Amino acid sequence: MTQSRIVGTGRSVPPKVLTNEDLARMVDTSDAWIVERTGIRERHILDSSLAASDLATDAGRRACARAGVSPSVVDCIIVGTVTGDCPFPATATFVQKKLGAPAGGCAFDLSAACAGFLYGVSIADAFIRIGQFKNVLVIGVEVLSRIIDWSDRSTCVLFGDAAGAVLMTAGDENSPGRVLSTHLFADGGLAEILWQPVGGSREPTTAEALGAKRQFVQMNGREVYRHAVKNMATGARLALEANGFKADDVAWVIAHQANLRILEGVSERVGIPMNRFFTNVDRYGNTSSASVPTALDEAIEQGKLKTGDLLLFAALGGGLAWASAAVRW
Ligand SMILES: CC(C)(COP(=O)(O)OP(=O)(O)OC[C@H]1O[C@@H](n2cnc3c(N)ncnc32)[C@H](O)[C@@H]1OP(=O)(O)O)[C@@H](O)C(=O)NCCC(=O)NCCS
């Protein structure tokens, strides 16, 4: 039976670093507060001359190179983002052009915030299983620094910019990197606990809206925290149950890197110790849809994953939207 498999990964992280000490000079905060509440020490910020598609293209190119293929074979590009180059067209179309992927292939964005990458993997998995596309590039990219109020200490300490990508293609039930399952969820009743109100048809960008700073991320941190722990844990457990696995079978959890305390809460609920959670939130902050593929790429680069390892993925973000996946590495 045809299954989809991940054959290459890549990431692109802007060189400019913003540390907690830098932030303490901008708003009333401290390194100690940020580390204790979030585990974040620094994050990366994209140069103002560049856009999401530049980061995404770089990550996508690296994923193709790691897979040993030219971008000319990519027939579908899915970009998970809430900070694309512009409202339309899709950032994926800019990536297609910049990457040199063939015109006539498919390219689209999807909006599932921090779950965007795993939503993309699920769609790519379905496309490949039914034979609609052969080489699908799934990218998570965010330039959150552009939609953050840098005078709001309750949000500006949390986020960073990055892109991560995977190239997926067809395999069989013995192929390494194969996707075993994906689960997708959303609860629109919680849409307004984490959102960017202005910039769409509901509240267009007017001088009044900008004056009220409603073009920036608005978040009820405590509520998001509560739902993040509960729902990522539920999603992760469902991924295990669907495949008949137990917590002990999991070699690595590659979860959305929002906050170290959230990951610790998930670890406790799912019964998988923190030493099997890959973490890089200390160096990147919350990069939303980029966080899972960036973490996967770093885990590979650090030699942590062995062929045959069971990987468990989980993410949650604005929507609320959340997702999980199981992959046999
Ligand atoms: C944001 C978060 C770290 C805040 O931690 P918290 O323990 O809930 O803190 P609170 O918001 O209750 O604020 C506690 C106090 O710290 C203050 N505070 C908030 N941000 C601060 C900062 N950066 N530095 C110092 N103090 C800060 C608050 O003003 C408040 O002060 P008060 O008690 O005098 O009113 C936490 O809610 C969280 O991690 N939420 C999830 C956020 C997230 O991951 N979002 C993205 C998901 S995809």
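Here the structure is a predicted model, which is why all the values come from computation and not from measurement. Start at 1 and go down the list; that is how both ligands and their atoms are numbered. Keep in mind that the numbers below use all heavy atoms, side chains included, and drop hydrogens, waters and symmetry copies.
- Interatomic distance, CD1 of Ile148 versus CD of Gln215, reported as 11.0 Å (0.5 Å rounding).
- For Thr206, the side chain to side chain donor-acceptor pair (under 3.5 Å) test picks out no residue, with sequence neighbours left out.
- The salt bridge (charged side-chain N to carboxylate O under 4.0 Å, His left out) analysis of residues 50-59, with sequence neighbours excluded, yields the pairs Asp54-Lys98, Asp58-Arg62.
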### Task
Test side chain to side chain donor-acceptor pair (under 3.5 Å) on Arg43 and Asn20 and set out the steps.
CA-CA 9 Å; Arg43 69 287 292 144; Asn20 289 351; 2.9 Å; yes

Any protein N or O within less than 3.5 Å of an N or O in ligand 1? List each pair with its distance, or say none.
unit_1, atom_1, unit_2, atom_2, d
ligand 1, 7 (O), Arg37, NH1, 2.6
ligand 1, 8 (O), Arg222, NE, 3.4
ligand 1, 9 (O), Arg37, NH1, 3.4
ligand 1, 12 (O), Arg222, NE, 2.9
ligand 1, 12 (O), Arg222, NH2, 2.8
ligand 1, 23 (N), Thr29, OG1, 3.1
ligand 1, 23 (N), Arg153, O, 2.9
ligand 1, 24 (N), Thr29, OG1, 2.6
ligand 1, 26 (N), Trp33, NE1, 3.4
ligand 1, 26 (N), Arg153, NH1, 3.4
ligand 1, 29 (O), Arg153, NH2, 2.8
ligand 1, 37 (O), Gly221, O, 3.3
ligand 1, 39 (O), Asn259, ND2, 2.6
ligand 1, 40 (N), Gly221, O, 2.9

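- The aromatic rings of Trp322 and Phe185 sit parallel, their planes meeting at an angle under 30°, below the 60° perpendicular limit.
- Residues forming a salt bridge (charged side-chain N to carboxylate O under 4.0 Å, His left out) with Glu298 (at least two apart in sequence, or on another chain): Arg11, Arg283.
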